[in-house]
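Heads up, the thing below is written out as structure tokens.
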Amino acid sequence: MPDPLRTRLAEIGATALGGMSQADVPASLRRFARFTPAKRARLGGTVLCAELERSEVFRTAVVAWWTAERPGELTTTADDRLDAAAAALLTGAHDAPRLVAAAERHGELGEVRAERDEALARVDKLTAEMERLRGELVEARDQARTAAQHREAEYQQLRRTVSDQGTKLRAATDARTELEETVARLRSGSDERVDEARAECTRLQDALEQERRKSERAAREVAAARQAAREARQGDEVRLSLLLDTLGGAVNGMRRELSLGGDGPRPGDTVRGARGITSAGGTPVDDLASLDSLLALPAVHLVVDGYNVSKTGYPDLPLADQRTRLVTQLAALRSRTGIEITVVFDGAAVVAAPLHGTRGVRVLFSEPDVLADDVVRDLVAAEPRGRPLLVATSDQEVVRSVRRRGAHTVPSAVLLQRLRAA
């Protein structure tokens, strides 16, 4: 059976399948019944043809549906030879083989005609392509002739240019030869003078470099001398100011004492006061009364060994809290007495330290490689002779060193007692 005829049978069966009763539809085709006719023919064409060939009941049902629903379309006398052959096969007509053969021949003839038409179309297309190529060939030949003419003209122009360049090159070569001869004559007597000039230039450069180094060294020495003089002057000014403040405070204190004491201070008191301020060595302050007497002196400077005092008073607190508590208590003492207070902490374990104190208390942190004890000694050494200094620490080595410089010392425990009372 030709494939076109098999396809036509599938289309006829698919069309009838949608309108048939459920009882007339074979079980293998029921799943296709809900599809559209075109989808039934495409997906279930093989099964439809097989059922039409195998089941006479199904064939009869299909023919009955076409006869009832679309009468006159499914007949052996149809104009379309595929429809006539399909009707003959479904109705079992006696001339079915002839109609099938005719449909097959018609299909073959149609294919031949289609092939002929396709071939003729290709011939027309090739003919048009050949004409286009001929036109392009003619155009290419014209372009080639034009290009050959241009190349010939350019070739002649290049020949003339090369000839002119050759003439110019020969003239330039002759001029260069003359110049080389002239340079050789001039150079014959100038090499020695050039060497002498170079040697003189080198000598002058060396002398200039030496003078520049001397000038830079002198400038550095002058700058260092100016800086040293500036620092010395500033230090002298600070010491002089502190000394004047000390003397003024002492005078005011003596005036107050004279006005309160009637006949004036006793000689013994005057001697002790003078010795406490001007003696070559400091004295220990071991009780609150002595501490208060010393703090009452004018222009007294209290230097506190920070961690030595804080670890004595509140060792259980973290270091940051120790610093905060100590500085707060020293600020209260400063506000009550008006004295100058400096507290020094080791700065090795401090990540970020304030540069200034709290409420009049100067807070210093030593450099990472410097001990706070050394900073305390430097503070004592920086003060002018005669100013009353009081260092709060229990470090005996620090106590001995600052006493040699004239500072008084107070143990950490005694200072803590005064801070708690304040």
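Just so it is clear, the model here is predicted, and its values are computed rather than measured.
Residues satisfying the side-chain hydrogen bond (donor to acceptor under 3.5 Å, both in side chains) test with Asp174, not counting sequence neighbours, are none. When the salt bridge (Lys or Arg N to Asp or Glu O under 4.0 Å) test is applied to Arg203, the partners found at least two apart in sequence or on another chain are Glu200. In this view, Arg230 and Gln227 satisfy the side-chain hydrogen bond (donor to acceptor under 3.5 Å, both in side chains) rule, not counting sequence neighbours. For Arg132, the salt bridge (Lys or Arg N to Asp or Glu O under 4.0 Å) test picks out Glu129, Glu136, with sequence neighbours left out. Among residues two or more places apart in sequence or in another chain, the side-chain contact (heavy atoms from CB on, under 4.5 Å) test is passed with Gln205 by Cys201. With sequence neighbours left out, Asp374 forms a salt bridge (Lys or Arg N to Asp or Glu O under 4.0 Å) with Arg377. Shown here are the side-chain hydrogen bond (donor to acceptor under 3.5 Å, both in side chains) partners of Gln322, two or more places apart in sequence or in another chain: Ser310. In terms of the salt bridge (Lys or Arg N to Asp or Glu O under 4.0 Å) criterion, residue partners of Asp292 (sequence neighbours excluded) are, by chain and number, Arg418. For Arg141, the side-chain hydrogen bond (donor to acceptor under 3.5 Å, both in side chains) criterion is met by no residue, not counting sequence neighbours.
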For residues 164-171, dump all side-chain donor-acceptor pairs below 3.5 Å to protein atoms at least two apart in sequence or in another chain.
from: Thr167; atom 1: OG1; to: Ser163; atom 2: O; distance (Å): 3.2
from: Thr167; atom 1: OG1; to: Arg170; atom 2: NH2; distance (Å): 3.4

Please output the side-chain donor-acceptor pairs of residues 175-183 that fall under 3.5 Å, not counting sequence neighbours, one pair per line with the distance.
from: Thr177; atom 1: OG1; to: Thr173; atom 2: O; distance (Å): 2.9
from: Thr182; atom 1: OG1; to: Glu178; atom 2: O; distance (Å): 3.0
from: Thr182; atom 1: OG1; to: Arg185; atom 2: NH2; distance (Å): 3.3

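Not a single donor-acceptor pair under 3.5 Å links the side chain of Thr283 to the backbone N or O of His408. Checking side-chain atoms of Arg387 against main-chain N and O of Ala299 turns up a donor-acceptor pair under 3.5 Å. With hydrogens and angles ignored, the 3.5 Å screen pairs no side-chain donor or acceptor of Arg334 with any backbone N or O of Glu340.
Atom CG of Leu326 sits about 5.0 Å away from atom CZ of Phe345, to the nearest 0.5 Å. Residue Leu389 holds its CG atom at 9.5 Å from CG of Leu379, rounded to the nearest 0.5 Å. Rounding to the nearest 0.5 angstrom, the gap separating the CD atom in Gln329 from the CD1 atom in Ile341 is 11.5 Å. Separating the OG1 atom in Thr337 from the CG atom in Leu295 is a distance of 6.0 Å, to the nearest 0.5 Å. The structure places CG of Asp124 at 11.0 Å from CZ of Arg122, a figure rounded to the nearest 0.5 Å. For the atom pair CG of Leu302 and CD1 of Ile339, the computed distance is 5.0 Å after rounding to the nearest 0.5 Å.
Between Arg160 and Gln157, the side chains place a donor N or O and an acceptor N or O closer than 3.5 Å (distance only, hydrogens not considered).
Within the structure, side chain to side chain donor-acceptor pair (under 3.5 Å) contacts touching residues 215-225 (residues at least two apart or in different chains) are Arg212-Glu216.
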### Query
Yes or no on side chain to side chain contact (heavy atoms under 4.5 Å, CB included) for Val391 and Asp305, after CA distance, side-chain angles and deciding distance?
CA-CA 7 Å; Val391 178; Asp305 187 354; 5.7 Å; no
### Message
Test salt bridge (Lys or Arg N to Asp or Glu O under 4.0 Å) on Glu131 and Arg134; report intermediate values, then the result.
### Response
CA-CA 5 Å; Glu131 293 298 331; Arg134 283 178 180 175; 3.4 Å; yes
#### Entry: side chain to side chain contact (heavy atoms under 4.5 Å, CB included) assessment of Thr202 paired with Asp206
CA-CA 6 Å; Thr202 302; Asp206 294 340; 4.0 Å; yes
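The two residues Asp346 and Phe365 make their nearest non-hydrogen contact at O-CD2, 4.2 Å. Arg385 and Gly406 get closest at one heavy-atom pair: NH1-N, 4.0 Å. For the residue pair Ser412 and Thr312, the shortest heavy atom distance occurs at CB-OG1, 4.0 Å. Residues Val343 and Val361 approach most closely at CG1-CG1, 4.0 Å, considering heavy atoms. When all heavy atoms of Val303 and Val376 are compared, the pair lying nearest together is CG1-CG1, 4.0 Å. Closest approach of Ala392 and Leu415 over heavy atoms only: CB-CD2, 3.3 Å.
Contact of the Leu416 side chain with the Tyr314 side chain is registered, since non-hydrogen atoms from C-beta on lie closer than 4.5 Å. Counting only heavy atoms from C-beta outward, the side chains of Leu208 and Leu204 never approach each other to under 4.5 Å. Counting heavy atoms from C-beta outward, Val414 and Asp287 have side chains that stay 4.5 Å or more apart. Residues Leu390 and Leu291 form a side-chain contact, since some pair of their non-hydrogen atoms from C-beta on lies under 4.5 Å apart. At a threshold of 4.5 Å between non-hydrogen side-chain atoms, the residues Asp286 and Pro411 count as touching.
One finds no salt bridge joining Glu154 and Arg151 here, because no Lys/Arg side-chain nitrogen approaches an Asp/Glu carboxylate oxygen to under 4.0 Å.
Of the options Thr393, Val399, Asp395, a side chain to side chain contact (heavy atoms under 4.5 Å, CB included) to Glu397 is made by Asp395 and by none of the others.
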